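Every chain is numbered from 1 and lettered A, B, ... according to where its sequence line falls, protein lines coming before strand lines. What you see is a predicted model, and the numbers here were worked out from it, not measured in a lab.
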Amino acid sequence: MDFYQRVTMVCQAIPSGKVATYGQIALLCGCPRNSRQVGYGLNKKMTEDVPAHRVVNHQGYLSGAQSFETYDLQRRLLEAEGVEVSSDQRVDLKKFGWHNTMEDAYAFRALFEDLI
DNA sequence: ATACTGACTAATC
DNA sequence: TGATTAGCCAGTA
């Protein structure tokens with residue numbers, strides 16, 4: 001299975017109202033060092049049927065790059081799901097982060113390992 | 001093949 | 001702690 005296909009799958013598994021980091025997704029895809037490629041993929045490859053707005057960097061900051069149609073589109077989509085975004089374009093990963101523990105991450109990975 | 005880029009992160013100070 | 005630095009690696013030219 002192609003790396004970007006796995007990225008797509010993992011992103012689609014992010015529940016509404018939660019956010020994940022690039023590094024997390026890379027890890028769940030079996031390529032812990034490909035966080036940059038996750039960003040590349042979301043920007044250039046898919047974007048269809050993929051909730052890319054639920055992906056932020058490891059500090060909780062929304063993407064600074066202007067890949068969304070308008071500057072605040074990502075923010076509006078998140079807030080529409082109940083995710084609080086501070087004025088400096090940041091979300092609280094403690095509150096809204098998907099898989100806050102390694103145990104959760106491993107559980108997810110075990111669930112999908114046959115697809116990886 | 002080489003160089004540069006970037007929706008990133010972990011290490012270091 | 002917070003701010004730099006250094007490493008990362010698929011794509012692109």
Give, for atom CD1 of A:Ile25 and atom SG of A:Cys31, the distance between the pair rounded to the nearest 0.5 Å.
13.0 Å
Protein-nucleotide distance (A:Ile14, atom CD1; B:dA7, atom C1'), rounded to Å:
13 Å
A:Asp49 and A:Thr8, any side-chain heavy atoms less than 4.5 Å apart
no
List for me each residue that meets side chain to side chain donor-acceptor pair (under 3.5 Å) alongside A:Ser16, sequence neighbours excluded, and say none if there are none.
none
Taking all heavy atoms of A:Gly17 and all of A:Arg54, pick out the closest pair and write down the distance.
N-NE, 4.3 Å
If you compare all heavy atoms of A:Val50 against all heavy atoms of A:Gln12, which two are closest, and at what distance to 0.1 Å?
CG2-NE2, 4.4 Å
Could you pull out all residues at least two apart from A:Glu84 that satisfy side chain to side chain contact (heavy atoms under 4.5 Å, CB included)?
A:Lys95, A:Phe96
Residues passing the side chain to side chain donor-acceptor pair (under 3.5 Å) test with A:Glu79, sequence neighbours excluded, are A:Arg75
Taking the minimum atom-to-atom distance to the side chain of A:Ala52, which one of C:dC8, B:dA10, B:dA7 wins?
B:dA7
Sequence neighbours left out, what pairs pass side chain to side chain donor-acceptor pair (under 3.5 Å) with at least one residue falling in residues 27-40 of chain A?
none
Under 3.5 Å, which N/O atoms of the protein pair with N/O atoms of nucleotides 10-13 of chain C?
| residue | atom | partner | partner atom | Å |
| --- | --- | --- | --- | --- |
| C:dA10 | O4' | A:Gln37 | OE1 | 3.4 |
| C:dA10 | O3' | A:Tyr4 | OH | 3.3 |
| C:dG11 | O3' | A:Tyr40 | OH | 2.3 |
| C:dT12 | OP1 | A:Tyr40 | OH | 2.5 |

By side chain to side chain contact (heavy atoms under 4.5 Å, CB included) - contacts of A:Glu69 (at least two apart):
A:Leu73
Between the protein and nucleotides 11-13 of chain B, list every N/O to N/O distance that falls short of 3.5 Å.
none

Do A:Val56 and A:Tyr61 make a side-chain contact, defined as non-hydrogen atoms from C-beta onward lying under 4.5 Å apart?
no
How would you list, by chain and number, every residue that makes a side chain to side chain donor-acceptor pair (under 3.5 Å) with A:Thr70, sequence neighbours excluded?
A:Asp72
Between N or O atoms, less than 3.5 Å apart, protein on one side and nucleotides 1-5 of chain B on the other: list the pairs.
none

Of all of residues 60-84 of chain A, which get a heavy atom below 4.0 angstrom from DNA chain B, listed by number?
A:Ser63, A:Ala65, A:Ser67, A:Phe68
Contact summary for A:Ala20 and A:Trp98, nearest pair of heavy atoms
CB-CE3, 3.8 Å
Rounded distance (Å) that lies between atom P of B:dC8 and atom CG of A:Leu42:
10 Å
Anything under 3.5 Å between a protein N or O and an N or O of nucleotides 1-7 of chain C, put it in a table, one pair a line.
| residue | atom | partner | partner atom | Å |
| --- | --- | --- | --- | --- |
| C:dG7 | O6 | A:Arg36 | NH1 | 3.4 |

Set of residues satisfying side chain to side chain contact (heavy atoms under 4.5 Å, CB included) with respect to A:Pro32, sequence neighbours excluded:
A:Leu27
